[in-house]
2 protein chains.
Amino acid sequence: MSEPKIQDVARLAGVSPSSISNFLNNRMEQMRPDTQRKIQQAIEQLGYRPNNAARQLKTGVAKMVGLLVPSLANQFFGSLACAVETAAARHQCHVMTFSTFRDPDRERAVMADLLAYGVQGIITGSALNDTDHLAAMTSRCPVVAFDIKRSEDNHERIMTISVDNAAATAMAVEHLVALGHRSIALVSPPPYTLNRQDRLKGFQQAIAQAGIAGELVIADATDTPPSDPHGDTQLFELGRSAAARILAAPGKPTAAIAINDMMAIGIGVGLKQLGLRIPDDFSLIGIDDIFFSAAHDPPLTTLRQPIQAMADAAVQRILAPGAGQVAELFPPELIVRASTAAPK
Amino acid sequence: MSEPKIQDVARLAGVSPSSISNFLNNRMEQMRPDTQRKIQQAIEQLGYRPNNAARQLKTGVAKMVGLLVPSLANQFFGSLACAVETAAARHQCHVMTFSTFRDPDRERAVMADLLAYGVQGIITGSALNDTDHLAAMTSRCPVVAFDIKRSEDNHERIMTISVDNAAATAMAVEHLVALGHRSIALVSPPPYTLNRQDRLKGFQQAIAQAGIAGELVIADATDTPPSDPHGDTQLFELGRSAAARILAAPGKPTAAIAINDMMAIGIGVGLKQLGLRIPDDFSLIGIDDIFFSAAHDPPLTTLRQPIQAMADAAVQRILAPGAGQVAELFPPELIVRASTAAPK
DNA sequence: CTGTTAGCGCCTTCAA
DNA sequence: TTGAAGGCGCTAACAG
């Protein structure tokens, strides 16, 4: 069971441990080809793997970044984790992911764990409203937060990455207007977060610019409890129970923009239960482009967040500090599928 | 930036490093209460965190298990990762998750990485057909594989955990028969894996027992390329393009059991495009109970895999070897939703 | 080009 | 109840 160590390899290869170390760290110019070959062979023969803990203890750095998400059971964050893993791999770096379940205590605890592992930085997709604690982390390691917006409250040292929220809703409005809609609803939970406020702002500006009717429908009550506490089913339920109120809104909207896909899907189901057909009777558009948007019926038109590009940028910020801006907004991409059409 | 170390705490508390160590390892009986208090205070004042690498190097074990999944972007495996994280946390253990993208080379590489981190064991939800390599790992650390079935080919030392596949399809048949269906199709990709063969077997036995018509529809061709290479969209597309063939099957099935939910959802969409309504014109049942099954239209009847229980068992096998069986089958649970009804 | 050496931070006897 | 000391496996000078 006990793993072979660098000494064993050295002995077998008939060279010194430092040559093995050089070999492992790709300093090939420091040895003759045949030494190289012997080392290679010895390593394979023994099935030798360097011990990360020892290496880390010595060098002081772990090739590792930490990732915090609300829950991996939430499809959006599963995709994010996958993208971050891919991005980190480009830098020979591994990712340690923790689910926080949006629990502030747990968030604090796992950040401490991450620090104990010596991660090079922390990426969070689970930023709490209280950014003070996050800001405090920046004195320990670089911190990149997805989807929170810089404000006076949060320290300069938190790097932020977000989709351009105002652009997303504005593009949604433009798409709908181009289709001929003249009255559009924006459906959202209470816009507590700056992100949601940005989406609202983008919506209102685009509505004003197009000179059409815009309705804000706040979805904040649901009759059925969430079936999965961590999967963000709430938004689905919220959307579903908002369907009737959307139709009854003052401007008689013929289309709705949901704050995200999960909610859009819920709205769609609610609308169908009310007897409407999508997109014939009503158009629907989401934000995110989660996996199931394409597999939905009808396939959902949405504004895709460029997750991989955002993940790449996040990892870059951690591993090559100073290489990029502190705050960056990524443009969403309109994915036209079958949930939007001209109004009747 | 440099973290405080045990010496610093000792100095500040006015005690020796070993007392700090005793404190950290909960050997409180070895010191006076006031020493304890002083240490506690010093730790907090410094924001001290023990260095995992040093601890691991010294003790030889990392409180960590490794998890391999095809991709976290696949909702089922995101849920699995979440469940494993929860299970491991009960043992003060962390999880390092890697996506393999079903690439054998990558699978081998990440297993080696996991070993280098000194994980206590490896849980894989991404077992390749070639179990030899997996079996070879068992000499390095305990290995638990989800969803592969023990056979003569794979070594005794791979511990396996799986839902009872035969029971799942059998229960699905029984549910459908109770509803009045007399001709049922099982839709599956080619049943290369033992798991799928078991599902097929359970289906056939249940069909025979009920004395009704059973049809096997192999879905192996799709016209549209997968939209997400790692999200298992293939099964969705496969299901969708199989819809017509299901209806045309010899026995004129009035209901279908899909090999999993993803495929069931695809079949449902395909069927609807053909003008059928579910469950009025046709009943559909899946296996897994992924998140979106409940949020689908109509909500999908399915056989739930008890993921948390399975994850608990997997972690148990790793952390408390000998505590459980080597191979274990978990009973699926029938979740009746709205995609099944009596035939017309 | 290769070997020797001194720790990285912590844990754990062992002695005081 | 506390302190001193050795070493886990590896890396990076530095000396040969």
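In the text below, chain A, chain B and the rest are named by the order of the sequence lines, each starting its count at 1.
Annotation: the terminal axes of the helix from C:dC1-D:dG16 to C:dA16-D:dT1 meet at 40°, where each axis is the rotation carrying the C1' atoms of four end pairs onto the next four (5 pairs per end, rounded to 10°).
Distance B:Q36 CD to D:dT1 C1': 13 Å, rounded to the nearest Å. Regarding B:M31, its CE atom lies at a distance of 10 Å from the P atom of D:dT1, rounded to whole Å. Rounding to whole angstrom units, CZ of residue A:F23 and P of C:dG3 are separated by 15 Å. Between A:R11 atom CZ and D:dC10 atom P there is a gap of 12 Å when expressed in whole angstrom units. Straight-line distance from the CE atom of B:M28 to the C1' atom of D:dT1: 15 Å, rounded to whole Å. Here C:dC1 presents its P atom at 14 Å from CZ of A:R37, a figure rounded to the nearest Å. The CD atom of B:E29 sits 14 Å away from the C1' atom of D:dT2 (whole-angstrom rounding).
A:F98 is linked by a ring-ring contact (aromatic ring centres under 6.0 Å, His included) to B:H94, counting only residues two or more places apart in sequence or in another chain. Residues meeting the salt bridge (charged side-chain N to carboxylate O under 4.0 Å, His left out) test with A:R27, sequence neighbours left out: none.
Between the side chains of B:E44 and B:Q40, at least one donor-acceptor pair of N or O atoms lies under 3.5 Å.
Panel note: side chain B:Q75, backbone B:F291; a donor-acceptor pair is recorded below 3.5 Å. Remark: side-chain polar atoms of A:E328 are not paired, donor with acceptor, to backbone N or O of A:I161 under 3.5 angstrom.
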Within the 4.0 Å limit for protein heavy atoms, which parts of nucleotides 6-16 of chain C are touched? Write it as a string from 5' to 3', B for base, S for sugar-phosphate only, - for none. BBBBBBB----
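Residues B:F23 and B:V9 are not in side-chain contact: their nearest non-hydrogen atoms beyond the backbone lie 4.5 Å or more apart. Contact check for A:D147 versus A:N195: side-chain heavy atoms found under the 4.5 Å cut-off.
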Under 3.5 Å, which donor-acceptor pairs link side chains of residues 49-67 of chain A to any protein atom two or more places apart or in another chain?
| residue | atom | partner | partner atom | Å |
| --- | --- | --- | --- | --- |
| A:N51 | OD1 | A:A53 | N | 2.7 |
| A:N51 | OD1 | A:A54 | N | 3.0 |
| A:Q56 | NE2 | A:Y117 | O | 2.7 |
| A:T59 | OG1 | A:R55 | O | 2.9 |
| A:T59 | OG1 | A:V61 | N | 3.4 |
| A:T59 | OG1 | A:V61 | O | 3.4 |

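Under 4.0 angstrom from either OP1 or OP2 of D:dG3 there lies at least one side-chain N or O belonging to B:S16.
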Contact list (N/O, under 3.5 angstrom) for nucleotides 14-16 of chain D vs protein:
none

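Between B:D8 and B:K5, no side-chain nitrogen of the basic residue sits less than 4.0 Å from a carboxylate oxygen of the acidic one, so the salt-bridge criterion is not met.
Atom-to-atom distance recorded for B:E107:CD and B:L68:CG is 5.5 Å, nearest 0.5 angstrom. From A:I20, atom CD1 reaches atom CD1 of A:I39 across 4.0 Å, with rounding to the nearest 0.5 Å.
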